[in-house]
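Model, not experiment: these values are computed from the prediction.
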Amino acid sequence: MLSVSLFRLDEWVPGFSEILITVNQSLRNINRGKMDFLPYSKTIESFEWFMEALLTPQGDNRPPAVGHWQIRITHRQGLPDILLQGKSRNNEERGLLVFYCPDSPWQAQALKWPETYLEE
C-alpha cells in the first residue's frame, strides 16, 4: 500500500479530492470518539464506497480489540482501491492506495508524487 496526499488523486479523477478530504476529516473525528457525520453530498459514478471496521487482535483466546473505522473506495474501471482512515500528516489529508496488480501504471505514477511512501 502507498500513503498519498488525497489532493494528488485529482490527477486521476478531477475534483475527487474535495469529497475525499471532507470524508477523511469526518472519519478522523468519528475514530476519535467525537460526534460527526459522514457527508454524502454527491454521487460519483463508477465508484463504490464501503465502511469497514478494522480490528486488531489482542492475543490467543481473547476477542479483537476495538479498532477503528475505514472507508474502502473501489472503482469499476481499474483504478486502485482507496482507503480512508482519517489520517493526516503535516496538515495534509492522506489516504492509502491498494494495488492488486504489481507494477501497474497507476502505481508507477503514484510513486513519483512527492510525499508518497510505502505503508503496511
Side-chain angles (χ1 to χ4, degrees):
M1 288 187 281
L2 289 179
S3 176
V4 298
S5 167
L6 294 176
F7 177 73
R8 292 284 175 188
L9 298 178
D10 278 347
E11 291 182 26
W12 294 346
V13 182
F16 196 33
S17 68
E18 180 182 349
I19 187 68
L20 293 177
I21 288 169
T22 303
V23 169
N24 199 55
Q25 291 168 339
S26 296
L27 192 57
R28 181 169 44 257
N29 288 336
I30 290 167
N31 282 333
R32 290 181 178 169
K34 298 178 181 178
M35 294 296 290
D36 207 337
F37 67 97
L38 292 172
Y40 293 100
S41 58
K42 53 176 138 171
T43 301
I44 303 173
E45 291 187 34
S46 301
F47 287 94
E48 294 181 6
W49 297 58
F50 304 93
M51 191 156 185
E52 307 167 330
L54 188 63
L55 303 175
T56 306
Q58 295 187 65
D60 292 340
N61 300 320
R62 297 179 69 192
V66 175
H68 61 272
W69 291 101
Q70 70 180 13
I71 295 177
R72 178 179 298 270
I73 304 164
T74 61
H75 188 259
R76 296 183 199 128
Q77 305 296 326
L79 287 175
D81 283 3
I82 302 165
L83 293 179
L84 300 180
Q85 298 177 333
K87 293 183 178 183
S88 68
R89 186 178 203 182
N90 299 327
N91 294 322
E92 189 174 60
E93 297 297 318
R94 303 198 60 85
L96 297 174
L97 298 179
V98 180
F99 299 93
Y100 296 103
C101 179
D103 301 323
S104 75
W106 302 110
Q107 186 175 15
Q109 182 181 4
L111 283 168
K112 293 178 184 174
W113 294 337
E115 297 297 319
T116 295
Y117 58 89
L118 291 171
E119 186 167 309
E120 295 185 29

Inter-residue atom distance Gln25.CD - Leu20.CG, 0.5 Å rounding: 11.0 Å
Between CG on residue Leu84 and CD1 on residue Ile21, distance to nearest 0.5 Å: 10.0 Å
pair Gln85-Leu96: side-chain heavy atoms closer than 4.5 Å: yes
Nearest atoms (heavy-atom pairs only) where Ser88 meets Arg28: CB-NH1, 3.6 Å
Side-chain donor/acceptor of Asp81 to backbone N/O of Val98, under 3.5 Å: no
Those residues that, when tested against Arg76, pass salt bridge (Lys or Arg N to Asp or Glu O under 4.0 Å) (two or more places apart): Glu48
Greater than 12 external heavy atoms within 6.0 Å of Glu115's CD: no
Pairs satisfying ring pair (Phe, Tyr, Trp, His ring centres under 6.0 Å), at least one member in residues 86-107, at least two apart: Trp12-Trp106
Cluster check Val13, Val4: I/L/V/M/F/W/Y, side chain < 4.5 angstrom: yes
Transitive ILVMFWY side-chain link Leu79 to Trp113, under 4.5 Å: yes
Test side chain to side chain contact (heavy atoms under 4.5 Å, CB included) applied to Tyr117 - qualifying residues, sequence neighbours left out: Ser3, Arg89, Arg94, Glu119
Residues which pass salt bridge (Lys or Arg N to Asp or Glu O under 4.0 Å) with Glu11, listed by chain and number, not counting sequence neighbours: Arg8
Reported CG-to-CG distance for the pair Leu2 and Leu118, which is rounded to 0.5 angstrom: 5.5 Å
Side-chain donor/acceptor of Thr116 to backbone N/O of Lys112, under 3.5 Å: no
Asn31: partners by side chain to side chain contact (heavy atoms under 4.5 Å, CB included), with sequence neighbours left out: Leu27, His68, Trp69
Worked verdict on Trp49 versus Val23 for side chain to side chain contact (heavy atoms under 4.5 Å, CB included): CA-CA 11 Å; Trp49 297 58; Val23 169; 4.2 Å; yes
Gap between atom CG of Leu83 and atom CG of Leu97 - 0.5 Å precision: 8.5 Å
Rounded distance (nearest 0.5 Å) linking atom CG of Leu54 with atom CZ of Arg72: 9.5 Å
N/O donor-acceptor pair under 3.5 Å between Ser104 side chain and Gln107 backbone: yes
Qualifying ring pair (Phe, Tyr, Trp, His ring centres under 6.0 Å) pairs with a residue from residues 71-94, counting only residues at least two apart or across chains: Phe47-His75
Polar contact flag, side-chain donor to acceptor under 3.5 angstrom, Ser17-Asp10: yes
Straight-line distance of Gln70 CD to Asn24 CG, nearest 0.5 Å: 11.0 Å
